[in-house]
J.: 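Structure incoming, see below.
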Amino acid sequence: VSDPVNLHDFCARARDTLGESACAYLDGGASDEITLRENEAAFQRRRLRPRVLRDVTDIDTTTRLLGAAVAMPIGVAPTAYNALFHPDAEPAVARAAAHRDVMYVASTNSSCSMETIAKAEGPRWFQLYAQEDDAVTGALIRRAEAAGYGALVVTVDTAAPARRERDTRLSDSDTRAAQGNAAPGQWLEAAAPFLTWELIGRVRDSTSLPLVLKGIMTGEDAALAVEHGAAAVWVSNHGGRQLDRAPATLEVLEEVVAAVGGGAEVYVDGGVRRGADAIIAVALGARAVFVGRPVLYALACGGEQGVRDALRILDEELRNAMALLGVRSVGDISRECVV
Ligand SMILES: Cc1cc2nc3c(=O)[nH]c(=O)nc-3n(C[C@H](O)[C@H](O)[C@H](O)COP(=O)(O)O)c2cc1C
C-alpha cells in the first residue's frame, strides 16, 4: 500500500482499522446528515481564478491568529475522546501540530488532561464547554491559563444533545470512556441548554484570555458575539453533528464576515479537506480554517506521524494552489480569487 497522498486516503485507511463504534462516532452527523454532506459540497462548488506571470518563487503561508504566529491559516479543530482512535490520543496530535507550528485546539472532553496536552508546547487554545456551575467552569479556565493556552474557544452550538443515529443504533456508551479534564466523580457536560449571552459575559469577565465563540452560523449572532467582547467568531455547525439542516458553513461565511465588520477575527470549519479549501475560505473573509475529522483519521492511521503527514500534505497543497493562483502570501488572497 502506498503512502497517503491526500486526506481522503487517511479516511479510507482509518475505516479499515477502526472498530464499528469508533467509526460511527467519528464519521457520523446528526439525523439525515444533510448538513454533514453540505459542508464539503459547498467547498466543491467554488472555483478559483488563477492569475499568471506573477513570480511565485517564494510562497509565504504564515499568518497570525489572535496575535499567535502560525505556519498556515489551517488549524486543528477541537475533538473529544481521541483515545478512541489511537492510544497516543491528543498528545500525539498536539505534538504533530507543534512540530509544524499549527494552531491546536484542545477539547474540554479530551481523553487526556489539558496539562498533559500542553507539554507539546505549540500554539494552543482551549475549547471550553461552559458548565452550569460557574465554579466548575472557572476552575477549567484557571487551569487553561496556567497551562499556557492562548485563548478560550467557547463552543455555543450544543444547547441540546446531538441526535447522531449511527451512535444510537450501536447504543454506544464507550465513546464516553476516557475523559481527561473532569475532576474525579465529575462529569463535564457538552449539552448545555443553560447557555446564554449573559453566561458568555460572565466567562469574558472572569479571564484575560481572548474569547472565541465557536458555533456561530448567522450574522445576527456574529454581531452579538462582537458586542459581548468576542475576539473571534468561529463559523461552525459542529461538522454537521448538531442541528441537521443548518446551512453549510461556507455558505454563511460572508454573512458573518459582513456582520463582524472587522470587529473580530473570523474562522470557519466543516468540510475542509484540501489546501485549496483554505484559500477559498480566506478569500471569502476568514482568517483561518480548522480541520476536524481528517486529523482523527490520520491519528488512527499513524499516531503522531500520521498527523504530521496529514498536516504536511495540507501545507503542500496550500503552497501549490497559491502558486498556481498567483498569490505569494496569505494577505494576497482576496475576494477576486474565488467564484
Ligand atoms: C469525533 C469528533 C469530536 C468532536 N468533539 C468536539 C468537541 O469536543 N468540542 C467541540 O467544540 N467540537 C467538537 N467537534 C467538532 C469539531 O471541532 C469541528 O467543528 C468539526 O469536526 C469540523 O468539521 P470536519 O470534521 O468536517 O472538519 C468534534 C468533531 C468530531 C468529528
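Below, all heavy atoms of this structure are taken into account, side chains as well, without hydrogens, waters or symmetry copies. All ligand and atom numbering here is 1-based and tracks the order in the structure. Values in this document were obtained by computation on a predicted structure and should not be read as measured data.
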J.: Looking only at distances, can you tell me whether any N or O atom of Ser236, backbone or side chain, sits closer than 3.5 Å to an N or O atom of ligand 1?
T.: yes
J.: Can you list the atoms of ligand 1 that are under 4.0 Å from a heavy atom of Ser107?
T.: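 Counting atoms of ligand 1 from 1, those under 4.0 Å from Ser107 are 7 (C), 8 (O).
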J.: Check whether the ring centres of Trp125 and Tyr104 lie less than 6.0 Å apart, and answer yes or no.
T.: no
J.: Using a strict cut-off of less than 4.0 Å between a Lys/Arg side-chain nitrogen and an Asp/Glu carboxylate oxygen, indicate whether Glu336 and Arg49 qualify as a salt bridge.
T.: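 No, no charged N to carboxylate O under 4.0 Å.
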J.: What's the shortest heavy-atom distance between Cys301 and Phe10, and which atoms?
T.: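 So the minimum-distance heavy-atom pair works out to SG-O, 3.3 Å.
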J.: Under a 4.0 Å N-O cut-off, is there an ion pair linking Arg241 with Asp157?
T.: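 Between Asp157 and Arg241 there is no salt bridge, as every charged N stays at least 4.0 Å from the carboxylate O atoms.
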J.: Counting heavy atoms only, name the option from Arg241, Gln127, Arg273, Lys214 that's nearest to atom 12 (N) of ligand 1.
T.: Lys214
J.: With distance as the sole criterion, is a donor-acceptor pair present between the side chains of Ser107 and Gln127 under 3.5 Å?
T.: yes
J.: Note the single closest protein heavy atom to atom 7 (C) of ligand 1, along with its residue, its atom name and the distance in Å.
T.: Tyr129 OH, 3.2 Å
J.: So for ligand 1, is Val272 a polar contact partner (N or O within less than 3.5 Å, distance only)?
T.: no
J.: Counting both backbone and side chain atoms, is some N or O of Thr155 under 3.5 Å from an N or O of ligand 1?
T.: yes
J.: Taking only Lys NZ, Arg NE, NH1 and NH2, and the carboxylate oxygens of Asp or Glu, determine whether Asp32 and Arg245 approach each other closer than 4.0 Å.
T.: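 Salt bridge between Asp32 and Arg245, a charged N being under 4.0 Å from a carboxylate O: yes.
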J.: Distance under 4.0 Å to a non-hydrogen atom of Leu26: what atoms of ligand 1 satisfy this?
T.: 31 (C)
J.: Using 4.0 Å as the upper bound for N to carboxylate O, is an ion pair formed by Glu254 and Arg335?
T.: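 Yes.
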J.: Please could you name the atoms of ligand 1 that Leu296 approaches to less than 4.0 Å, counting only its heavy atoms?
T.: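 Those atoms are 1 (C).
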J.: Just need the protein heavy atom nearest to atom 5 (N) of ligand 1, so name the residue and atom and give the distance.
T.: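 Result: Ala80 N, 3.0 Å.
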J.: Is it true that Arg312 and Asp315 have a side-chain N and a carboxylate O under 4.0 angstrom from each other?
T.: no
J.: Hey, mind stepping through Ile141 and Leu128 against side chain to side chain contact (heavy atoms under 4.5 Å, CB included) and telling me if it holds?
T.: CA-CA 8 Å; Ile141 295 173; Leu128 177 70; 4.1 Å; yes
J.: Does ligand 1 have any atom that is closer than 4.0 Å to a heavy atom of Asp269?
T.: yes
J.: Polar-atom distance check: Arg293 versus ligand 1, any N or O pair below 3.5 Å?
T.: yes
J.: Distance to 0.1 Å, residue and atom name: give those for the protein heavy atom nearest to atom 27 (O) of ligand 1.
T.: Gly292 N, 2.9 Å
J.: Any heavy atom of Tyr81 closer to ligand 1 than 4.0 angstrom?
T.: no
J.: Students should be able to answer this: which protein heavy-atom is nearest to atom 16 (C) of ligand 1, and at what distance?
T.: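 I find the closest protein heavy atom is Pro78 O, 3.4 Å.
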J.: Looking at Gly270, which atoms of ligand 1 are within less than 4.0 Å of one of its heavy atoms?
T.: 22 (C), 23 (O), 26 (O)
J.: One thing to verify: whether Arg45 and Glu38 come together as a salt bridge, which I'm taking to mean a side-chain N less than 4.0 angstrom from a carboxylate O.
T.: yes
J.: To the nearest 0.1 Å, how far is atom 15 (C) of ligand 1 from its closest protein heavy atom, and which atom is that?
T.: His238 CD2, 3.5 Å
J.: With the threshold set at 4.0 Å, does a side-chain nitrogen-carboxylate oxygen contact exist between Glu316 and Arg319?
T.: no
J.: What about Phe85: any of its N or O atoms under 3.5 Å from an N or O on ligand 1?
T.: no
